[in-house]
Amino acid sequence: IHFYFNRTTINPHYGKAFYRLGRECQDKCGLDEQLSYFQKAVFYDPNLNDVYYRLGIIYGKQGQIEKEFAAYKKVTALDHINADAYLKAGRYYFEKGEWDYALRYFLQSNRYKPGEHGTFYYLARSYEKKQMYKEAAHYYVSVVSGQTYLSAEACQGLWRISRILGQREMVLDEVYKMHGNPLWE
């Protein structure tokens, strides 16, 4: 009976072993084999947050958006400071048009990894969608100031907001606050 009980009991150490196999396999194996190792890892130890993150990446590469989102959401439940998982879960909500949920996740991402221009960009876009233009302009200006690959899109966002009746002066003020000198002079 003891032998049978030990064979049927799930051993969480197996989860870590399959996780290591999956990590070692990343450069050598295909996605399906990696997926198999990581799925076995969470079967044996459902509390391995990095495994869910890796599963999210694989599901994303395979185009399985719902599974990708579920994996990232699980990461945020297990690891409350994983800014990248919050950003990726927030992007899912953003794409679905659920701005309030997207903002919550983007704000958490920004809380744990402040100053990330990708997060600023999506915060700005979410605020713009919610017609909270002052907040959107603030984050767009931050992205432009960082001179990143998102700067051109952020400039377009500022332009869109400035064309809304009554928003031009607010956008100019946000630019002035960030840069210390007005760009329009």
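When reading the values below, keep in mind they use all heavy atoms of this one structure, side chains included, and skip hydrogens, waters and symmetry mates. Note that the structure is predicted; figures quoted are calculated from it, not measured.
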Partner of Y105 under side chain to side chain contact (heavy atoms under 4.5 Å, CB included), picked from Y93, Y92, Y122, is Y93

Exercise. Among side-chain atoms of Y140 and R160, is any donor-acceptor pair under 3.5 angstrom?
Worked result: yes

**Asked** Are Y127 and Y133 an aromatic pair by the rule of ring centers under 6.0 Å?
**Response** no

Same cluster or not: W159 versus I164, using hydrophobic residues (I, L, V, M, F, W, Y) connected whenever any side-chain heavy atoms lie under 4.5 Å apart? no

For this session: Evaluate the side-chain proximity of I161 to M170: yes if any heavy-atom separation is below 4.5 Å, no if none is.
Result: yes

Scanning both residues in full, the closest heavy-atom pair of A85 with V75 reads CB-CG1, 3.5 Å

Rounded to the nearest 0.5 Å, the SG atom of C25 sits from the CG atom of L35 at a distance of 10.5 Å

Note to self: Can you confirm whether Q64 sits close enough to I58 that some side-chain heavy atom of one is under 4.5 Å from a side-chain heavy atom of the other?
What the structure shows: no

When rounded to the nearest 0.5 Å, the distance separating OH of Y53 from OH of Y72 is 5.5 Å

F43, V51: one ILVMFWY side-chain cluster at the under-4.5 Å cut-off? no

In this structure, are over 12 heavy atoms from other groups packed under 6.0 Å from Y112 atom OH? yes

Minimum side-chain heavy-atom gap N82-N49 below 4.5 Å:
no

Rounded to the nearest 0.5 angstrom, the OH-NZ distance for Y19 and K16 is 11.5 Å

| query | Can we say R125 and E128 salt-bridge, meaning some charged N sits less than 4.0 Å from an Asp/Glu carboxylate O? | reply | no

- [ ] Decide side chain to side chain contact (heavy atoms under 4.5 Å, CB included) for E116 and Y121; before the verdict, give the C-alpha distance in whole Å, the side-chain angles of both, and the deciding distance to 0.1 Å.
- [x] CA-CA 9 Å; E116 178 67 32; Y121 176 71; over 6 Å; no

query = Going by an N to O cut-off under 4.0 Å, is there a salt bridge joining E95 and K129?
reply = no

Please check if atom CG in L107 has more than 12 non-hydrogen atoms from other residues, nucleotides or ligands closer than 6.0 Å. yes

Between L150 and G118 the two heavy atoms that sit nearest each other are CD1-CA, 3.7 Å

**Study point:** Side-chain donor/acceptor of T119 to backbone N/O of G115, under 3.5 Å
**Key:** no

Tightest non-hydrogen contact, residues K113 and A83, listed as CB-CB, 3.3 Å

All heavy atoms of S126 vs all of A102, minimum pair found to be OG-CB, 4.0 Å

Looking at D84 and K88, is any side-chain nitrogen of the basic one under 4.0 Å from a carboxylate oxygen of the acidic one? no

*Is there a chain of hydrophobic side chains (I, L, V, M, F, W, Y, each step under 4.5 Å between heavy atoms) that links V171 to M132?*
yes

Q) Heavy-atom distance under 4.5 Å between the side chains of R91 and F106, does that happen here? A) yes

So OG of S145 and NE2 of H117: to nearest 0.5 Å the spacing works out to 8.5 Å

Are any of the side-chain heavy atoms of R23 and D50 separated by less than 4.5 Å?
-> yes

Between R111 and P114, the two heavy atoms sitting closest are O-CD, 4.0 Å

- Item | side chain to side chain contact (heavy atoms under 4.5 Å, CB included) between T76 and Q108, intermediate numbers included | CA-CA 10 Å; T76 64; Q108 285 295 92; over 6 Å; no

Check your understanding: Is V143 linked to V175 within one hydrophobic cluster, defined over Ile, Leu, Val, Met, Phe, Trp and Tyr using a side-chain heavy-atom separation of less than 4.5 Å?
Key -> yes

Side chains of Q62 and L31: does their closest heavy-atom pair fall under 4.5 Å?
yes

(message) Has E68 got a side-chain atom pairing as donor or acceptor with Y59's backbone, closer than 3.5 angstrom?
(response) no

Correct closest heavy-atom pair for A124 and Y139 would be CB-CB, 3.6 Å

Rounding to 0.5 Å, atoms CD (E135) and CD (E174) come to a distance of 9.0 Å

In this structure, CD of Q26 is separated from CD of E24 (nearest 0.5 Å) by 10.0 Å

From the list I57, L21, L55, L48, side chain to side chain contact (heavy atoms under 4.5 Å, CB included) with F38 holds only for L55

